[in-house]
Every structure is written in structure tokens, then in C-alpha cells.
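Each chain gets a letter, A, B and so on, in the order its sequence line appears, and its residues count up from 1.
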There are 2 protein chains.
Amino acid sequence: MADSELRLEQMVARLRERGHRITAQRRAILEVLARSVGHPSAEQVFRIVSTEFPKTSLATVYKTVTALKEAGEVLELEFSQDSNRYDGNQPYPHPHVLCVTCHQIVDLDLTKLGDMADEVTGQTGFRILTHRLDFYGLCPKCQE
Amino acid sequence: MADSELRLEQMVARLRERGHRITAQRRAILEVLARSVGHPSAEQVFRIVSTEFPKTSLATVYKTVTALKEAGEVLELEFSQDSNRYDGNQPYPHPHVLCVTCHQIVDLDLTKLGDMADEVTGQTGFRILTHRLDFYGLCPKCQE
DNA sequence: CTTCATGCAAAACATTTGCAGCTGG
DNA sequence: CCAGCTGCAAATGTTTTGCATGAAG
């Protein structure tokens, strides 16, 4: 996983240049997010980090995630019922598919998305900053 | 607003056929959602309905919204920090622009969206049930 | 050393649930 | 009538905050 190691070092560098300190468990949190397998929730990050640092608290995970959000180094997918999910591997907006049964999240690479922002600006006068495109459905396994 | 009256009667009919009763305050809730000016939150619906029925509770709004969701008669836009917003006027998924400053929500009509679901199925094998496409930005007024 | 990070517990939210009494059909 | 609706209050679950202690740089 050389990719996620590179990504980890990018995240560390960005936090440092913003005046943040890198502690051992903070680095562990970043590691999980840099990998972002399955787009983990804060709780899931917490559980993984806990195996290595048993005294870590959920609050620390949230505080680190907040710092990363401010640095633009993690993408947060908000949900109101379920908890939020995080992607530190691709921290810019990109489309996802979510399985409504097993809650897995898969990245997408859609071609037709490019000029939509321009279409929106032309239609509304909004200056578009970001966006969110999620599809909801049944993954191959959960279709039976 | 003959449109929203028609919409209101549709919602009433759908709830009735699903075995729900129509009380006075429930009808008032439906009225606000049928109009859906500004895509109100549960709290906002509650406040509007409260002027006519001062003893209404927020729980009743949520229970009615839940019934409507199950009937597919309201679209729920989920947020984790801010509260959810509801559209009873167009209860099927459609794109929105959200102003990050004044929190207004505007409907969009994008042409290029059609065949995206097919592209997703081809790419992942998911059976797509619904989707969500939201743009975030600054509305003309909030750009100064 | 000084400032920031940590971990705990408590607070802050939006939303849901339990329940006794009310009411639509 | 009686199943479903109401309003209240309490519970839930996620995220945030306050604060004393500890460690990074």
C-alpha cells in the first residue's frame, strides 16, 4: 500500500504546516483515514485505533477529523440517521454508491459530471463551491 | 396556488389508502409540506403549524413525516449538523443547490442526469433505487 | 517551557419512543 | 367503539465542549 503511505505523509505535512502537532495516536487516526477502506465512520476509526492505543477517546478522533476538514484533507459524507463517513484517500467531492442493506460505500468515476456545475451557475447564479452525488441501491451480494 | 392544493389532496388520498387518519393538524402539516416553500425543516413546519394549532408537538410533525416517507410522498434531504429538510411538492429525487451562508435551497432541472444511473449499474452491479445530487455554493445575494 | 493534544464526562443537538388519553371513521 | 393519533417527557445516538493533565516541538 505505497499509495496510502504517500497519502498519509501528505496529510501529516498539511497538518504540520497549519500549526498542528503530530502525536502517535493522531498519526494512527490519519493512517486509517488515508487508507479509508470502506469509508469508515468516526466510531469505526476509533475502534481500529483503539487496538493499538487502548486509551484513545472518540473525542480525539472527532477533533482530528475536524482539523483535517479545515485543512481540506478529508471528505465527510453526512447522514442524519447513520453516522458520518469519512474518506481521507480522495478528499475532494466524488460520487459514491451506497448499499441500503449492508451500508458499504463504493467510489464511482462518472464521466458525465464535468460540466454540470456550469449548468447550475447558468441556471441559478450560484457560485458553486462543492457538491455531493450519491446513489443508493442494492449491491450485488445484497440482491441475493 | 392551485398546484399545491392538488398536491395536498394527493397526499391526503395516499395516506388514507394506507390506513392513516387525517386529523386537523395532520392536514395542516401536509399543507406546509405540499407547498414546501424553501424546503422547510421539521422545526420550521412545527412553527408554522403552531400558529394555527398552538398545542401541536414536534413529535407529531416527525410522525407525520415518517408516514409520508413510507408512502413515498415526501423527499427528505438529510444533514447531520443542520436538521433535515423536506420537499413534499416534488417527492422524487431531484438536484438542489444549497447556499452555505443563508441556507436557502433551490430546485434544479439538470439535463445530463438521465443515463447516470445506468452508468453506475454498469460499473458496479448495484441495482440503483434512488440518488441524491446537491450542489453547495453562494447564492447571488450572499456573494455581496 | 509554552502551547497544543488528550481523555474523560457532561452538554448539545435532532430525532425517536413510550404511554395515557383523545378522536376519527 | 377501537385502532390510530396526540402531546408530553424521557430516551437515543451522534457530535461537541470544558477542563485538568500530559506531551510535542
Item to check | Interface with DNA chain D, restricted to residues 62-78 of chain A and to heavy atoms under 4.0 Å | outcome: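 Result for residues 62-78 of chain A: A:Tyr62, A:Lys63, sorted by number.
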Checklist entry - Which of residues 9-22 of chain A sit near DNA chain D, with a heavy atom under 4.0 Å from it? => result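 Those residues whose heavy atoms fall under 4.0 Å from DNA chain D, taken from residues 9-22 of chain A in numerical order, are A:Arg16, A:Arg21, A:Ile22.
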Item to check | Where chain A begins and ends its contact with DNA chain D, read 5' to 3' at 4.0 Å from heavy atoms | outcome: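 First and last nucleotides in contact are D:dT14 to D:dG25.
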Item to check | Closest heavy-atom pair and its distance - B:Phe126, A:Cys139 | outcome: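 Minimum heavy-atom contact is CZ-CB, 3.4 Å.
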Next on the checklist: With no hydrogens and no angle check, just 3.5 Å: does a side-chain donor-acceptor pair link A:Asp107 and A:His94?
Outcome noted: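 Yes, a side-chain donor-acceptor pair sits under 3.5 Å.
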Next on the checklist: For B:Arg7 and B:Gln10, which I'm curious about, is there any donor-acceptor pair between the side chains at under 3.5 Å?
Outcome noted: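 Yes, side-chain donor-acceptor contact under 3.5 Å.
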Give, for atom [atom1] of [X] and atom [atom2] of [Y], the distance between the pair rounded to the nearest 0.5 Å.
| X | Y | atom1 | atom2 | result |
| --- | --- | --- | --- | --- |
| B:Gln44 | B:Ser50 | CD | OG | 12.5 Å |
| B:Gln90 | B:Asp109 | CD | CG | 8.5 Å |
| B:Cys142 | B:His103 | SG | NE2 | 10.0 Å |
| A:Ser80 | B:Asp82 | OG | CG | 11.5 Å |
| A:Leu133 | A:His96 | CG | NE2 | 9.5 Å |
| A:Leu68 | A:Glu73 | CG | CD | 7.0 Å |

Checklist entry - Donor-acceptor pair, B:Arg85 side chain versus B:Gly38 backbone, under 3.5 Å? => result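 Indeed, once roles are kept as given, a pair shorter than 3.5 Å links the two residues.
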Next on the checklist: Given 3.5 Å as the limit, does a donor-acceptor pair link the side chain of A:Gln143 with the main chain of A:Leu138, or not?
Outcome noted: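 Checking the backbone N and O of A:Leu138 against the side chain of A:Gln143, a donor-acceptor pair under 3.5 Å is found.
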Checklist entry - In degrees rounded to 10°, what angle is found between the helical axes fit to the five outermost pairs at each end of the helix from C:dC1-D:dG25 to C:dG25-D:dC1? => result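 Result, rounded to 10 degrees: 40°.
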Item to check | Contact list for DNA chain C against residues 41-57 of chain B - heavy-atom distance below 4.0 Å | outcome: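 Residues of residues 41-57 of chain B under 4.0 Å from DNA chain C: none.
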Item to check | Whichever of B:Asp82 and B:Ala24 has its nearest DNA chain C nucleotide further upstream toward 5' | outcome: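 Looking at the nearest nucleotide for each, B:Asp82 comes out on the 5' side.
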Next on the checklist: Applying side-chain contact (heavy atoms from CB on, under 4.5 Å) to B:Phe46 and B:Val32, what does each step give before you reach the verdict?
Outcome noted: CA-CA 9 Å; B:Phe46 168 68; B:Val32 176; over 6 Å; no
Item to check | Neighbour count >12 (heavy atoms, 6.0 Å) for atom NZ, A:Lys69 | outcome: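 For A:Lys69, atom NZ is crowded (more than 12 foreign heavy atoms under 6.0 Å).
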Next on the checklist: Quick check for you: name the first and last nucleotides of DNA chain C, 5' to 3', having an atom under 4.0 Å from a heavy atom of chain A.
Outcome noted: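 Taking any atom under 4.0 Å from a heavy atom of chain A, the span is C:dT3 to C:dC8.
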